[in-house]
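Shown next, in structure tokens, is the structure this report addresses.
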Amino acid sequence: MKMAELKGRPVSLVEMGPRDGLQNEPAQLSASIKAGLVDRLAASGLRRIETGSFVSPKWIPQMADSAEVFAGITRVPGVRYSALTPNMQGFERAVQAGADEVAVFAAASELFSQKNINCSIRDSIQRFTEVCAAANAAGIPVRGYVSCAMGCPYQGEVPANDVAMAVAELMALGCYEVSVGDTIGTGTPQHVHEVLSRCLQEARADQLAMHFHDTYGQALANLLAGLQLGLATIDASVAGLGGCPYAQGASGNVATEDVLFMLHGLGMDTGVDLPRLIDTSRWICELLQRPNQSRVSLAGLPVARGGA
Ligand code: HMG
Ligand code: MG
């Protein structure tokens, strides 16, 4: 698709800050501040917010209070509040907390699967079969993730075919959407084009999402490559918060504000109020006492885009 053809097309943003962001921040925030973050993100117009995760608290202590976070949010009609669930225990906790949607997370790299969820890819699919069956029976939508789609911190290169096979397996389990993760942010546009093109042989563009960490500053260019293939769902994290605890050196997701600045520049329709999101971004960075990773929030909006 030519760049000009993107104009006017809708894009769905999936906000990762409260989960992928905060899971790897050294500062521990209270559940009420986390809930406040979720509420502010919803107020800026974001309609899909990954609110927490129901994983082992020994593995990810930052997410141990996700049930309290769910209890503390003021639900906005039309907003989907989702959570990561690695197994049935996580699924049951997520349902009890009132998650609207759950997500299972697999990897395209065997070594990463072992480090992240302590089992092989095959065993993880077996666990997810149970979670997906229970979720489908309860009418709860399930999203899938495939980590290490553009490279693995342990294995190095990851064949596009392995990514596509993981996508196909998750779709077969009943995931309505699979998010393709560049966990360590090493992808570049041509590589992303190749991997996503292969994934498009297994799933439609509207069933795939892009989840790009921005370690090497390639995420926006990579997103554009995916948009031109027809993908229209983007995961991003306010202020570029976070990283992956099992991928040393990986920085946070691409910042939501930076993605919005690009999408609005392309004339795409996001429904998100960027100035309001910038306020939230600055607020959370102050609480975390960490530098803002969003270039847009650091710079502020230019006059031509509504800045002062
Ligand atoms: P395990 O140790 O193999 O699990 O961990 P287990 O079944 O043997 O259980 C061991 C203990 O954990 C038991 O407690 C269980 O009750 C407890 P004990 O008897 O020792 O007291 N346990 C749980 N507790 C609460 N909730 C649960 C749960 N499950 C077991 N759901 C497990 C296996 C999958 C649980 C563990 O490896 C884990 O929690 N991993 C999660 C790691 C994680 O959250 N990583 C970050 C998210 S993924 C990511 O960031 C990538 C993504 O953003 C995409 C991308 O960027 O690529 C999605
Ligand atoms: Mg991630």
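Counting starts at 1 for both ligands and their atoms, in listed order. None of the values given here were measured: they were computed from a predicted structure.
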Element-labelled atoms of ligand 1 that are located less than 4.0 Å from some non-hydrogen atom of [X]:
| X | value |
| --- | --- |
| Asn118 | 1 (P), 2 (O), 3 (O) |
| Phe54 | 26 (N), 27 (C), 31 (N) |
| Ile60 | 43 (C), 44 (O), 45 (N) |
| Pro57 | 24 (N), 25 (C) |
| Lys58 | 18 (P), 20 (O), 21 (O) |
| Asp20 | 50 (O), 53 (O) |
| Leu84 | 47 (C) |

Closer than 2.8 Å to the Mg ion (ligand 2), do we get an N, O or S atom from Asp20, backbone or side chain? yes
Part of [X] within contact of ligand 1 (heavy atoms, under 4.0 Å):
| X | answer |
| --- | --- |
| Asn253 | neither |
| Ser147 | both |
| Ser179 | neither |

Pair Arg80, Glu50 - check side chain to side chain contact (heavy atoms under 4.5 Å, CB included), show working. CA-CA 8 Å; Arg80 271 146 69 191; Glu50 207 163 75; over 6 Å; no
[X] versus ligand 1: do any nitrogen or oxygen atoms come within less than 3.5 Å of each other?
| X | value |
| --- | --- |
| Gly90 | yes |
| Phe105 | no |
| Arg93 | yes |
| His213 | yes |
| Gln23 | yes |

Give a yes or no on whether the backbone of Gly240 and the side-chain of Asn253 come within a donor-acceptor separation of less than 3.5 Å. no
Does Glu157, at its CD atom, have more than 12 non-hydrogen atoms belonging to other residues, nucleotides or ligands within less than 6.0 Å? no
Gln96 CD: over 12 foreign heavy atoms closer than 6.0 Å: no
Any chance the side chains of Glu101 and Tyr176 put a donor and an acceptor closer than 3.5 Å? yes
Could you tell me whether the side chains of Glu15 and Thr256 share a donor-acceptor contact shorter than 3.5 Å? yes
Apply side chain to side chain contact (heavy atoms under 4.5 Å, CB included) to the pair Asp235 and Tyr145, showing each step before the final yes or no. CA-CA 11 Å; Asp235 298 357; Tyr145 284 98; 3.6 Å; yes
Run down the list [options] and name the one with the heavy atom closest to [atom].
| atom | options | result |
| --- | --- | --- |
| atom 5 (O) of ligand 1 | Phe91, Phe112, Trp59 | Trp59 |
| atom 12 (O) of ligand 1 | Ser66, Ser56, Gly21, Ser53 | Ser56 |
| atom 35 (C) of ligand 1 | Val55, Thr183, Asn87 | Asn87 |
| atom 22 (N) of ligand 1 | Arg143, Gln89, Lys115, Met63 | Gln89 |

Going by the side chain to side chain contact (heavy atoms under 4.5 Å, CB included) test, name the single residue among Ile117, Asn118, Asp123 that passes it with Ser120. Asp123
Please find the N/O/S atom of His211 nearest to the Mg ion (ligand 2) and write down its name. NE2
Test Gln190 against Glu194 for side chain to side chain donor-acceptor pair (under 3.5 Å), laying out the working first. CA-CA 6 Å; Gln190 181 59 28; Glu194 281 163 24; 3.2 Å; yes
Return yes when [X] approaches ligand 1 closer than 4.0 angstrom through a heavy atom, no otherwise.
| X | answer |
| --- | --- |
| Arg19 | yes |
| Arg127 | yes |
| Ala149 | no |

Distance-only donor-acceptor pairs under 3.5 Å for side chains of residues 221-231, two or more places apart:
residue	atom	partner	partner atom	Å
Asn222	ND2	Gly187	O	2.9
Asn222	ND2	Gln218	O	3.3
Gln228	NE2	Met1	O	3.1

When you check the gap from the basic side-chain N to the acidic O, do Arg9 and Asp269 get nearer than 4.0 Å? no
So does Arg40 pair up with Asp279, basic N to acidic O under 4.0 Å? no
Donor-acceptor contacts under 3.5 Å from residues 159-171 side chains, at least two apart:
residue	atom	partner	partner atom	Å
Asn161	OD1	Arg198	NE	3.0
Asn161	OD1	Arg198	NH2	2.8
Glu169	OE2	Arg122	NH2	2.8

Between Phe105 and Phe128, how do the two ring planes meet: parallel, tilted or perpendicular, split at 30° and 60°? tilted
